[in-house]
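See below for the structure under consideration.
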Amino acid sequence: MIGVVGAGAFGTALAVALARDGRGVTLWARDTHDLATTRRSRHLPGVALPDGIVVTDDIADLTQADAILLAVPAQTLRKVLTIHANTLHDRVLVACCKGIDLHTLTGPVATIRATLPDAMPAILTGPSFAADIARGLPTALTLACADDRAGMALQQGLSTSTLRLYRTTDTTGAELGGALKNVIAIACGVAIGAGLGDSARAALMTRGFAEMQRLAQALGADPQTLNGLSGLGDLALTCTSDLSRNYRFGLARGAGAAADPTQTVEGAATSRAVTLLGADRGIDLPICAVVAALSEGLISVETALQSLLARPLKEE
Ligand SMILES: NC(=O)C1=CN([C@@H]2O[C@H](COP(=O)(O)OP(=O)(O)OC[C@H]3O[C@@H](n4cnc5c(N)ncnc54)[C@H](O)[C@@H]3O)[C@@H](O)[C@H]2O)C=CC1
Ligand SMILES: O=C(CO)COP(=O)(O)O
């Protein structure tokens with residue numbers, strides 16, 4: 001049985017995909033509302049939960065799980081691990097979140113390692129919208145686990161006919177790719193929302209990718225990982241699709257409109273975390289810094305755009 005912690009858009013979509021493929025899934029939510037009775041999630045309109053999913057609000061029901069997917073926002077992961085340490089402390093835990101903890105400046109795998117040292121941590125990341133996964137559309141993801149044997153077992157256990165998992169042992173690269181692309185997607189949304197056009201977006205994606213590579217290498221990632229699904233792949237998806245909440249957040253800000261406060265927008269807090277990480281290591285991350293200042297309300301959209309456009313001329 002596979003356990004899923006968090007019945008938001010992504011946790012529910014993964015549960016649906018796995019159950020459709022015949023896996024037994026127990027989906028834990030801190031409050032199941034009417035999910036258990038209606039078998040419909042407000043996050044995934046038009047999708048019914050397959051019979052193979054058991055919905056519970058008792059996390060002890062995950063005690064027998066072969067692996068537990070953690071599909072909560074990155075800024076709440078540490079709290080969830082701490083509160084439910086009794087159930088989660090010695091389990092195979094697959095982080096499904098994309099962000100850097102603003103207080104510890106660690107990614108999801110490092111957060112699991114620091115909080116529950118007896119657990120086997122892994123991360124599932126890459127270009128994949130919950131809505132696509134839940135509809136059974138083809139998706140390719142990165143599964144990163146430092147222990148290659150455990151990674152192989154997870155790759156087998158979590159792949160389905162529509163969910164294709166590629167394996168790596170580079171957890172640092174995988175978690176940074178997923179976290180950083182959200183920041184660049186906000187910047188791209190701002191540019192498009194402000195009417196700067198597709199050429200400006202392509203420039204931001206390219207220069208943003210260079211920032212992703214710089215920080216990831218400084219933190220010990222394999223550059224090849226960033227060239228794969230969890231870096232370049234997810235950057236391409238998130239910076240160009242209206243389905244992305246990070247991109248839509250930027251679009252709204254760029255157009256001078258209010259962003260939807262009910263949405264999970266990981267790139268906002270993560271932009272601040274990576275700017276701190278970069279400053280600590282003397283790494284130049286100008287796009288991340290502008291997104292951080294904008295997210296914190298320290299600068300206006302006009303100032304943000306000027307900062308992005310007024311970079312000194314230098315070698316590529
Ligand atoms: N939605 C998507 O298309 C994708 C999302 N992700 C990642 O998945 C993670 C979760 O995102 P979504 O599911 O989309 O967000 P969401 O906002 O739809 O759901 C988040 C869920 O976490 C739960 N939660 C929050 N704090 C909690 C706590 N302290 N204890 C227990 N549960 C808590 C909420 O009740 C909610 O059910 C994010 O890091 C996101 O980047 C990754 C790939 C695709
Ligand atoms: O990570 C995602 C797609 O890979 C989802 O992006 P958003 O969180 O911006 O919606």
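Because the structure is predicted, anything quoted here is derived from the model rather than measured. Indexing begins at 1, ligand by ligand and atom by atom, following the structure's order.
- What sits closest to atom 20 (C) of ligand 1 on the protein, heavy atoms only, is P73 CD, 3.7 Å.
- Less than 4.0 angstrom separates some heavy atom of T76 from each of these atoms of ligand 1: 26 (N).
- No salt bridge links D147 with R149; every basic N to acidic carboxylate O contact stays at or beyond 4.0 Å.
- Using a 4.0 Å cut-off between a side-chain N of Lys or Arg and a carboxylate O of Asp or Glu, K98 and D234 qualify as a salt bridge.
- Connection of Y166 to L232 is not established within any shared hydrophobic cluster, with ILVMFWY side chains joined at heavy-atom distances below 4.5 Å, either directly or through further cluster members.
- Each of the atoms 15 (O), 16 (P), 17 (O) of ligand 1 lies under 4.0 Å from some heavy atom of T264.
- By heavy-atom distance, the residue among L243, V72, T238, T139 lying nearest atom 23 (C) of ligand 1 is V72.
- An N or O contact shorter than 3.5 Å links A9 to ligand 1 by distance.
- Counting heavy atoms under 4.0 Å from ligand 1, residue E266 touches it through the side chain alone.
- By the criterion of a heavy-atom distance under 4.0 Å, the backbone of P127, and not its side chain, is placed next to ligand 2.
- Shortest non-hydrogen contact noted between R23 and D21 is NH1-OD2, 2.7 Å.
- The ligand atoms of ligand 2 that sit less than 4.0 angstrom from a heavy atom of G126 are 4 (O).
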Requested in this report: Would you sort out whether Y247 and R245 count as a side chain to side chain donor-acceptor pair (under 3.5 Å), showing the intermediate values?
Outcome: CA-CA 5 Å; Y247 178 69; R245 296 160 298 186; over 6 Å; no
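- Among all non-hydrogen protein atoms, the one lying nearest atom 24 (N) of ligand 1 is R30 NH2, 3.7 Å.
- Polar contact check, N182 against ligand 1: no nitrogen or oxygen pair lies under 3.5 Å apart.
- Residue contact check: W28 has heavy atoms under 4.0 Å from atoms 31 (C) of ligand 1.
- What sits closest to atom 3 (C) of ligand 2 on the protein, heavy atoms only, is S128 O, 3.4 Å.
- With a 4.0 Å heavy-atom cut-off, ligand 2 is reached by the side chain of K181 but not by its N, CA, C or O.
- In terms of protein heavy atoms, atom 30 (N) of ligand 1 is closest to V80 CG2, 3.5 Å.
- For ligand 1, the polar-atom distance check against G6 finds no nitrogen or oxygen pair separated by under 3.5 Å.
- For the side chain to side chain donor-acceptor pair (under 3.5 Å) test with K181, the passing option among T125, T270, T238 is T238; the others fail.
- At a heavy-atom cutoff of 4.0 Å, ligand 1 is contacted by the backbone of C96 but not by its side chain.
- More than 12 heavy atoms of other residues, nucleotides or ligands lie within 6.0 Å of CZ in R39, so this atom counts as buried by the packing criterion.
- Nearest to atom 7 (P) of ligand 2 by heavy-atom distance, out of Q263, R248, R245, K98, is R245.
- At under 3.5 Å, a nitrogen or oxygen of F10, whether backbone or side chain, sits near a nitrogen or oxygen of ligand 1.
- Among D170, T172, L176, the one residue that satisfies the side-chain contact (heavy atoms from CB on, under 4.5 Å) test with T225 is D170.
- Taking every heavy atom of N246 and a limit of under 4.0 angstrom, the matching atoms of ligand 2 come to 7 (P), 8 (O), 9 (O).
- Using a 4.0 Å cut-off between heavy atoms, E266 makes no contact with ligand 2 at all.
- L158 and V5 sit in two unconnected hydrophobic clusters of ILVMFWY residues. Membership requires side-chain heavy atoms under 4.5 Å apart, directly or through other members.
- No side-chain donor from either of S241 and S244 sits under 3.5 Å from a side-chain acceptor of the other.
- Under a hydrophobic-cluster definition in which Ile, Leu, Val, Met, Phe, Trp and Tyr are linked whenever side-chain heavy atoms come within less than 4.5 Å, directly or via other members, L105 and I112 are assigned to different clusters.
- Here the shortest heavy-atom pairing between D198 and I192 reads OD1-CD1, 3.6 Å.
- Summarising the geometry of A95 relative to P108, their closest heavy-atom pair is CB-CB, 3.5 Å, with the distance given to 0.1 Å.
- Closest of all the heavy-atom pairs between A146 and R113 is CB-NH2, 3.8 Å.
- Contacts between L237 and ligand 2 below 4.0 angstrom, taking non-hydrogen atoms only, involve the side chain exclusively.
- Remark: side-chain polar atoms of R201 are paired, donor with acceptor, to backbone N or O of C239 under 3.5 angstrom.
- Ligand 1 places these atoms under 4.0 Å from at least one heavy atom of H43: 18 (O).
- Any N or O atom pair closer than 3.5 Å counts here, and G8 shares at least one such pair with ligand 1.
- To the nearest 0.5 Å, the span separating OG1 on T142 from CD1 on I123 amounts to 9.5 Å.
- Ligand 2 places these atoms under 4.0 Å from at least one heavy atom of S244: 7 (P), 9 (O), 10 (O).
- For atom 44 (C) of ligand 1, the closest heavy atom belonging to the protein is S128 O, 3.0 Å.
- Ion pair D148/R167 flagged as a salt bridge, since at least one NZ, NE, NH1 or NH2 atom sits closer than 4.0 Å to an Asp/Glu carboxylate oxygen.
- Between A130 and ligand 1, at least one N/O pair is under 3.5 Å apart.
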Requested in this report: Report the C-alpha distance between L93 and L116 in whole Å, list the side-chain angles of each, state the deciding distance to 0.1 Å, and finish with yes or no for side chain to side chain contact (heavy atoms under 4.5 Å, CB included).
Outcome: CA-CA 10 Å; L93 300 180; L116 301 176; 3.9 Å; yes
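- Of all the heavy atoms of D234, the ones lying under 4.0 Å from any atom of ligand 2 belong exclusively to the side chain.
- With a 4.0 Å heavy-atom cut-off, ligand 1 is reached by the side chain of R245 but not by its N, CA, C or O.
- Atoms of ligand 1 lying under 4.0 Å from at least one heavy atom of A7, given by number and element, are 37 (O).
- Per-residue contacts place F129 under 4.0 angstrom from the following atoms of ligand 1 (heavy atoms of the residue considered): 3 (O).
- In the vicinity of F129, heavy-atom distances shorter than 4.0 Å reach the ligand 2 atoms 3 (C), 5 (C), 6 (O).
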